[in-house]
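Chain letters run A, B, ... following the sequence lines, proteins first and then strands; every chain starts at 1. Everything numeric in this text was worked out from a predicted model, so none of it was measured. Because only heavy atoms are used, hydrogens play no part in the values below, and waters and symmetry mates are left out as well, while side chains stay in.
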2 protein chains.
Amino acid sequence: MHKNTSVKALPEIEFWFEFASNYSYLSVMRIEELARLYQVKIKWCPFLLGPIFKSLGWNTSPFVLQKNKGDYVWQDMARQAKKYGLAWTQPTQFPRSALLPMRVAAAYINVSWIADFCKAIMHINFVRDSDIDSATVVHQVLSDLALDANLILRDMESDGNKIKLRQQTELAMTKKIFGAPSFIVEGQLFWGDDRLEDALHFARGVYERN
Amino acid sequence: MHKNTSVKALPEIEFWFEFASNYSYLSVMRIEELARLYQVKIKWCPFLLGPIFKSLGWNTSPFVLQKNKGDYVWQDMARQAKKYGLAWTQPTQFPRSALLPMRVAAAYINVSWIADFCKAIMHINFVRDSDIDSATVVHQVLSDLALDANLILRDMESDGNKIKLRQQTELAMTKKIFGAPSFIVEGQLFWGDDRLEDALHFARGVYERN
């Protein structure tokens, strides 16, 4: 009787990010507000950049390997953060190891606190300029979110949870992702924080046409 | 008597570009209108990307060397061109040799027809999908601009003119440019067509403050 009154599901954007990645920092801080504005659902997709860089023959970030590009990136980041009204400290260590918090993110993709967790970890790396790959730090972040940090950290030791992040990274490679942040909407890849608005705009356009 | 009525010179943006570079195509087509809007003077700065890539150990564009990034770039270019309302054809040869038209650009940086010349060459490469590094093609472009093509092409054979492009490329390296397009405003480097508006905004801000 009410066939035409069904509500369409919101379009979805896959958000592929890395806690070690400075341009991912911008997107982690910006995406929630923008996704609300465009009425697009975010699918959080943590993955490791390291194995992708390795497949290109690099042993670290291109921002370290290419000196001029690396110098530029920190000027650019300061300007971009200012443009978006985000706090920013040039990290004294880059890229920072992020395995443990990345594992937590991969294990809890679908929970309500994923955005807050990601923002808190990014804040520690790129505003407080502190290490993020330690049980102490992750415990504190989880506790601040009123979560059972001991339980979650114990879970991270299980093979099942370790494998989740590896699977995410393999999935990223299957999807031909080559850098972070990346966004995928209806199979279309968008690379870089600069393309976040384009990706959301595309998602909205697909939604309107359907 | 009229000390305070002197007109301030417009702020200047250095526009570093390469005819072989697809993202330079976007900026060559966009910069005039935007510079008028922001009231910023353009300094046209052609340079060769090849020697810069070579200094990084690459024998061609990273879009060729990195397969996934290369595949992505053509999707991205189609979307960006559509966004900006620009004609676009994915080149069947990339990157195209551009030495002769680059030499002409380097020799005629300060003439009134530099923008039209650059747009015409870019159009041949990225809309008509044709070679640009030939005397026939450059002759036609110059003639279409009602210029003495024979005279200009004869001039390109002189060592003085050959050296100009080499000097531009060396200057780009001194300025730590690592890709194209790049923009420099008051010593600040901005990389990529995505940063054109930021660079112009920065130039305007410097002007307002002075």
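- Chain B forms the most heavy-atom pairs under 4.5 Å with one residue out of A:K83, A:K176, A:K67, and that residue is A:K176.
- In this structure, the separation between CG on B:L56 and CG on A:N68 is 8.0 Å, given to the nearest 0.5 Å.
- For the pair A:W191 and B:Y72, the tightest heavy-atom approach, listed with the atom from each and the gap, is N-OH, 2.8 Å.
- Residue contact with chain A, scored on non-hydrogen atoms closer than 4.5 Å, is absent for B:F202.
- The environment of B:Q93 atom CD is dense: over 12 non-hydrogen atoms of other residues, nucleotides or ligands sit within 6.0 angstrom.
- Rounding to the nearest 0.5 Å places CG of A:D194 at 9.0 Å from CD of B:Q80.
- Atom OG of B:S55 and atom CD of A:Q66 lie 9.0 Å apart (nearest 0.5 Å).
- For the atom pair CZ (B:R79) and CG (A:D198), the distance works out to 7.5 Å, reported to the nearest 0.5 Å.
- Listed options B:H201, B:Q75, B:Q188 were ranked by heavy-atom pairs under 4.5 angstrom with chain A; first place goes to B:Q188.
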